[in-house]
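Please read all numbers here as calculations on a predicted model, not as lab measurements. Letters A, B, ... mirror the listed sequences (proteins, then strands); counts begin at 1.
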There are 4 protein chains.
Amino acid sequence: MAPRTTEQYEEIRETRKHQIMEVALKMFADKGYESSSISSIAREAKISKGLLYNYFKSKEDLLIQIVEGGFQEMLSYFDPNKDGILTRDEFIYFIEEMFGLMNRNVIHYKLYFSLMLQPMVWELFKPKFAEAIAPFMVTLAEYYKRKGSTDPEAEAIMVGAMLDGIGFNYIFNPDIYPLDRVKQMIIDRFV
Amino acid sequence: MAPRTTEQYEEIRETRKHQIMEVALKMFADKGYESSSISSIAREAKISKGLLYNYFKSKEDLLIQIVEGGFQEMLSYFDPNKDGILTRDEFIYFIEEMFGLMNRNVIHYKLYFSLMLQPMVWELFKPKFAEAIAPFMVTLAEYYKRKGSTDPEAEAIMVGAMLDGIGFNYIFNPDIYPLDRVKQMIIDRFV
Amino acid sequence: MAPRTTEQYEEIRETRKHQIMEVALKMFADKGYESSSISSIAREAKISKGLLYNYFKSKEDLLIQIVEGGFQEMLSYFDPNKDGILTRDEFIYFIEEMFGLMNRNVIHYKLYFSLMLQPMVWELFKPKFAEAIAPFMVTLAEYYKRKGSTDPEAEAIMVGAMLDGIGFNYIFNPDIYPLDRVKQMIIDRFV
Amino acid sequence: MAPRTTEQYEEIRETRKHQIMEVALKMFADKGYESSSISSIAREAKISKGLLYNYFKSKEDLLIQIVEGGFQEMLSYFDPNKDGILTRDEFIYFIEEMFGLMNRNVIHYKLYFSLMLQPMVWELFKPKFAEAIAPFMVTLAEYYKRKGSTDPEAEAIMVGAMLDGIGFNYIFNPDIYPLDRVKQMIIDRFV
DNA sequence: AATGAATGAGGATTCATTCAT
DNA sequence: TATGAATGAATCCTCATTCAT
């Protein structure tokens, strides 16, 4: 057989890497970062420990790559047209997307929440996250200001907290959580 | 010389125990249960590892005692008169207490949130926690039903999520979080 | 470079495993199970503590594998043709083998005796051991019955005790113990 | 109340000491020396750890005192009239005593056997023991020589081993072991 | 004489990481 | 690229012993 081309190798590498990251994501989210051993991740991914270190230079590096991988998608839903003005429809769209995202990526959410509570790890991601959240909060506050709220900033913060809280609760019982009804309730009450 | 009296020993034990629990609570909340070693807790508490085991029969026992210690106070604020009917004033009182509690016990909150995300550890507390929450959600749903909500259950769940979310956000920036204004907003909007 | 083949790994494992078991057998027999630390076994075997756990999942597992390893040979000498009837020649053959075994495996004997006296450890082996001994005692009692003994069962028990006692005494002074002469004496007196 | 006299104190000390030794003997014999902790011995004896160290300067010292305490009685039965000549009646008397001793002191036997197998501990007692056993073996060999045995020394060794073996077996099942029948068998066959 | 709090060394075990092949 | 043997530091925990009271 002819030797593989560089592209083929590159592709194999990419596949393997995702395969490992997927397994690791699941384990980190399910059992926690500390409680997931490299050995068990490698075993689950059906590769050797040595090979894993060929793709990730450390356990922490593996975590970072997983988190950053899922991060971008999530951020892309904050104020989609980036004009700083949130219309009613955009807000609804955003809520819809937010819940859809939550639904599709429970496991990522679980991981993010758990990481947020481990300061040493969270320090790594906090800046990026804060940077992405801040403008959204401003936009949201302005939305409520236009609607004549008595304390637009507090209202924005409250809505932000609510979304966090729902995500937080949802990850524990994704199967029975009435996500759609809660979504509707938010739209009725807060848009 | 005569040995210490039972009371003297009792007092020493009580003091030491609290000293250890305080240090451990802080470490567990700050770095997570798994990442906090018995060695570091003992070092921080300025005692030997061995002594810690004189007071707690295992690391898990230490955690349990810390969590259960803080649990009681928290539970006492759910529907104070226990009649299953939540009046407007009781609801406001509850919200006020909830926020006061949050304020005074940030660190306990941090610990609870972090525990919830460590499935293997959370198993230990989930039952008690669920048992305590359930009646409150029922009571809350009935409150909204009486107010004529279109979907009382979803509304109760949403409020629950919001309180969780606020707690969650608050623990990250207790110093600048506008807890009072958010509290007022909740009372305006949800009571 | 290519990784080792499965066979190469298999061979390494087999070698190492025996190396560890040999050292551990000696230490367990010499100093007792409780008094032999994994650290010292690893040191003696010139490997790291960690590696030992690559081959045995616990200290207890190490012991079990050692004991069961030596067990099979020993059992194969009880009533070789398994018909439940012990002829004079078979009895002599058995005695001969028993002493030969003792001679070759002093250290295993020493281990067995020492294990029998550590109730918590012995629980692990007692059932298998009893199971192996019982039919032999029955066979032996029948042998003496056929010979017209007044109390065949007591005689069988006595002979069993004697063999135990000889083993027990022998392990303390294997170099000067007159094993052959005692063997002859037994054949003269008890066959 | 009048202060206690020196004798009274002495008596209390002696009582306490025996109380501790009795508890410790039982634990050492039942669970092994290594597995019996000073804490548990003190707890069982209903005294404090500190007090135990008031009577015995170390765990090893406690063991030594226990063993030496029980040693004397046992030794006194080897060739009672010390004349070096064993008559048939003396031999029978000795056997009887031996079995009686065994019966009354299973627990001491158990401890001795277990100690014999821990060389580091046994070194402490071996000399005394050997010293006591040797003349008995000589006497016994002479007894068989007088009876015209083909190999008196081997026969003496065999009988010694048998007694050891019976003791060894007896301690594991004192309740069901047919001590009397075995004793009778020995007298029939070896006296 | 008596207590039990306190220590610290040592025990079994786990695991991220390295490396020869 | 791929393997898993090998390491050693760190983990939780136990226990003989000391000591202030």
Legend entry - Pairs meeting criterion ring pair (Phe, Tyr, Trp, His ring centres under 6.0 Å) with involvement of residues 11-40 of chain B, two or more places apart: F28(B)-Y33(B)
Just how far, in rounded Å, is [atom2] of [N] from [atom1] of [X]?
X      : N       : atom1 : atom2 : answer
K46(D) : dA2(E)  : NZ    : C1'   : 17 Å
L52(A) : dT1(F)  : CG    : P     : 14 Å
H18(C) : dA5(F)  : NE2   : C1'   : 18 Å
K49(C) : dA12(E) : NZ    : C1'   : 8 Å
I38(B) : dA9(F)  : CD1   : P     : 22 Å

Inset, instruction - Report the relative orientation of the aromatic rings in F129(C) and F71(C); use parallel for angles under 30°, tilted for 30 to 60°, perpendicular for over 60°. - result: tilted
Inset, instruction - Kindly say if R13(B) contacts the phosphate of dA5(E), meaning a side-chain N or O under 4.0 Å from OP1 or OP2. - result: yes
Students often get this wrong, so: under 4.0 angstrom with heavy atoms, is [X] touching a base, only sugar-phosphate, or nothing?
X      : answer
L51(C) : base
R16(A) : sugar-phosphate
S35(D) : nothing
S36(D) : sugar-phosphate
S37(A) : sugar-phosphate

Legend entry - S48(A) side chain, from C-beta outward: closest of dA6(F), dA20(E), dA2(F): dA2(F)
Inset, instruction - For G50(B) and for Q8(B), find the nucleotide of DNA chain F with the closest heavy atom, then tell me which residue's nucleotide is more 5'. - result: G50(B)
Legend entry - Stems involving DNA chain F, each a run of at least 3 consecutive Watson-Crick or G-U pairs under 3.5 Å: E:2-21 with F:2-21
Inset, instruction - List in numerical order all residues of residues 53-70 of chain C for which some heavy atom is under 4.0 Å away from an atom belonging to DNA chain F. - result: N54(C), Y55(C)
